[in-house]
Amino acid sequence: MIRKLLSCLALVSSAAVADLTWDFETADPRPGGQGGVYGYVFPSSQSPGQTPRHQARLTRPVSGASAVAKLSFTLDGEEFPGTGLGLMFEDALPLDLRPLDSIQVRIRADRFRKIRLSLAPADSALKLIADEGVSLGRDTVVGPKWVIWKISARDISWPRWATSIPSTSREDILSQIFAIQFDVSCDAKGGVCTQDSGWLELDDLHLFGVGGAWPEPPVGDCSPPALSIDRFQTGLPNQNDLGGWWYAYTDRTSADSFSRGKSQVLNASSPDSANTWVGPDSLASLRVMLERQGVYSGYAAIETQLSEPEGVLPTARSFPGMGALSFDVAFDSSFPKELGGLIVHLRKRGADFEGGRDHQVRIPWQPTRKSWCLDFSSFQQPTWSEWIEPFTPDSLMALSFEVRLPAIRERAEAGFSIGNIAFHSRGDVGVGPRDAAHRLRAVSSPRGWVVEWSRESRGPAPWRVLDLRGRTLLSGTAPQATHRLEIPNVSDQMVVLVLMLPEGARSLPLIPSR
């Protein structure tokens, strides 16, 4: 299972930038596609428009010397006048098409038909408008002979008949496009359509100048207080500040044969053992050789547990009130830009989040080190998940930073480093709004602070004092009957108290009196 099972979406390098192309030379078996094409049609079995008199299907037949994408349809023009197909980007995720220069496609139909090429937006509100035909695109007429249709980016516009244009700016729409769509309207002699059937074929689709750049995720609120979770250098070197562990892994040991590859960690003494990963340091680095073997292989990641392991396996942990994640990323100078960047995963307990269905967000390649702040709402499950839930900071198992091959690459060497990783609360004490029964408070004293919490909280409470780099300065455990701590002043800078109450983690900034 190698190249013949991979995607037809390709990145072709030119002198200055990579272009996106589709040639359909190999079948694409990934979830979400159909008929050997990584695309969708409408009406579909999931949409209300499909009836015995109104259907469409997508196949990959051989036409002439090469394979093409073919939309075959039967239309009920009285109730449902249209059909179409969309060719999706990698993982059906949006790309930034603002640098787009032009689009070119080889196209034909069973007879002369009006065709509209549209840029399918990822925004849900814009999708609803696009369902009515109001989308950025261009119209033309094609017939039975193959023609090459080229569209300049400046000529992509709203349809002339549209009376209500979305208020969203053109630039914002172009920054979040997940597919290229081709629409066909029901047509018949005499201008009256009751029924229509036919086909449309596509080949050699090119998007010039886009480079396949991932859009930047929206910025969250990463103002203090923060709960640091890196600690790459102090104490036990591979332990994080929560008592869990940092490690690296690749596809070499995957239990799923479709996900098993030959990738290896280059900065490790053994590519198959996470314990031999070289590092970490204050900015943990990972350098890997990604090599495909199975359909979904070609990946590697740095990962950490988000709780202390109990025995062999870690347990899930919740962070009530936390609303954002911050970290620094630097890509090596030789990082292949067609890899896109890093994928950040927050893994949760439960079958609904296994097999790649975890919440994730993409971090695009940048030429220099950059600090990122992500609102938790940025983390989404993939579109092919059977059940999709908004992200909440509960039942968390692990945080990972992954790099992987795009569908058209067989092999690539890549490196990156991460650091300054922290969760940020939505409230004033590190874990968000809560009722008075669960609130922490600290009173400054000449020797440090007196910290008190709710007497309704029962059970022993482990605690730590961290500096702003996440290093543990003090630690201990408050006995079950205790609801008060005296914390000595151990720094002339602000520190953070992390208190592990039975109801969940609580954190509180402690500012020394001057």
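Because the structure is a prediction, the values reported are computed rather than measured. Below, all heavy atoms of this structure are taken into account, side chains as well, without hydrogens, waters or symmetry copies.
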Exercise. Are K348 and F391 in a cation-pi setup, meaning NZ or CZ lies under 6.0 angstrom from the ring centre and within 45 degrees of the ring axis?
Worked result: yes

Are any of the side-chain heavy atoms of [X] and [Y] separated by less than 4.5 Å?
{"X": "P320", "Y": "D394", "result": "no"}
{"X": "T392", "Y": "H359", "result": "no"}
{"X": "W22", "Y": "L202", "result": "no"}
{"X": "L136", "Y": "W158", "result": "yes"}
{"X": "S263", "Y": "S297", "result": "no"}
{"X": "P94", "Y": "R362", "result": "yes"}
{"X": "F376", "Y": "V361", "result": "no"}
{"X": "F89", "Y": "L97", "result": "yes"}

Kindly write out the residues that satisfy side-chain contact (heavy atoms from CB on, under 4.5 Å) with [X], not counting sequence neighbours, or none if the list is empty.
{"X": "Q366", "result": "E216, P364, K370, W372"}
{"X": "P99", "result": "D96"}
{"X": "S334", "result": "R287, D332"}
{"X": "T83", "result": "P43, A56, L71, F73, L75, V184"}

Counting distance only, does the side-chain N/O of [X] pair as donor-acceptor with the main-chain N or O of [Y] below 3.5 Å?
{"X": "R357", "Y": "A351", "value": "yes"}
{"X": "D183", "Y": "G84", "value": "no"}
{"X": "W246", "Y": "D230", "value": "yes"}
{"X": "Q380", "Y": "S377", "value": "yes"}
{"X": "N267", "Y": "S285", "value": "yes"}
{"X": "R252", "Y": "Q264", "value": "no"}

[X]: which residues meet the salt bridge (charged side-chain N to carboxylate O under 4.0 Å, His left out) condition with it, sequence neighbours left out?
{"X": "D352", "value": "none"}
{"X": "R411", "value": "E291"}
{"X": "K150", "value": "none"}
{"X": "D172", "value": "none"}

N/O donor-acceptor pairs under 3.5 Å from side chains in residues 398-406, not counting sequence neighbours:
| from | atom 1 | to | atom 2 | distance (Å) |
| --- | --- | --- | --- | --- |
| S400 | OG | R347 | NH2 | 3.2 |
| E402 | OE1 | H345 | NE2 | 2.8 |
| R404 | NH2 | D91 | OD2 | 2.3 |

Hey, could you give me the [atom1]/[atom2] distance between [X] and [Y], rounded to the nearest 0.5 Å?
{"X": "S475", "Y": "W463", "atom1": "OG", "atom2": "CH2", "value": "6.5 Å"}
{"X": "R349", "Y": "M397", "atom1": "CZ", "atom2": "CE", "value": "7.5 Å"}
{"X": "I177", "Y": "L207", "atom1": "CD1", "atom2": "CG", "value": "10.5 Å"}
{"X": "I103", "Y": "L205", "atom1": "CD1", "atom2": "CG", "value": "7.0 Å"}
{"X": "L20", "Y": "F208", "atom1": "CG", "atom2": "CZ", "value": "11.0 Å"}
{"X": "L306", "Y": "L396", "atom1": "CG", "atom2": "CG", "value": "6.0 Å"}

Problem set entry | Any donor-acceptor N or O pair under 3.5 Å, side chains E90, Y38 | no

Exercise. Are E303 and Y247 close enough that a side-chain donor and a side-chain acceptor fall under 3.5 Å?
Worked result: yes

For [X], all residues meeting side chain to side chain donor-acceptor pair (under 3.5 Å), sequence neighbours excluded:
{"X": "S326", "result": "H424"}
{"X": "Q176", "result": "none"}
{"X": "S66", "result": "D203"}

Problem set entry | CZ (R57) with more than 12 external heavy atoms under 6.0 Å | no

Could you tell me which non-hydrogen atom of [X] sits nearest to which non-hydrogen atom of [Y], and how far apart they are?
{"X": "A179", "Y": "M88", "value": "CB-CA, 4.0 Å"}
{"X": "A153", "Y": "L100", "value": "CB-O, 3.2 Å"}
{"X": "S175", "Y": "R98", "value": "CB-NE, 3.6 Å"}

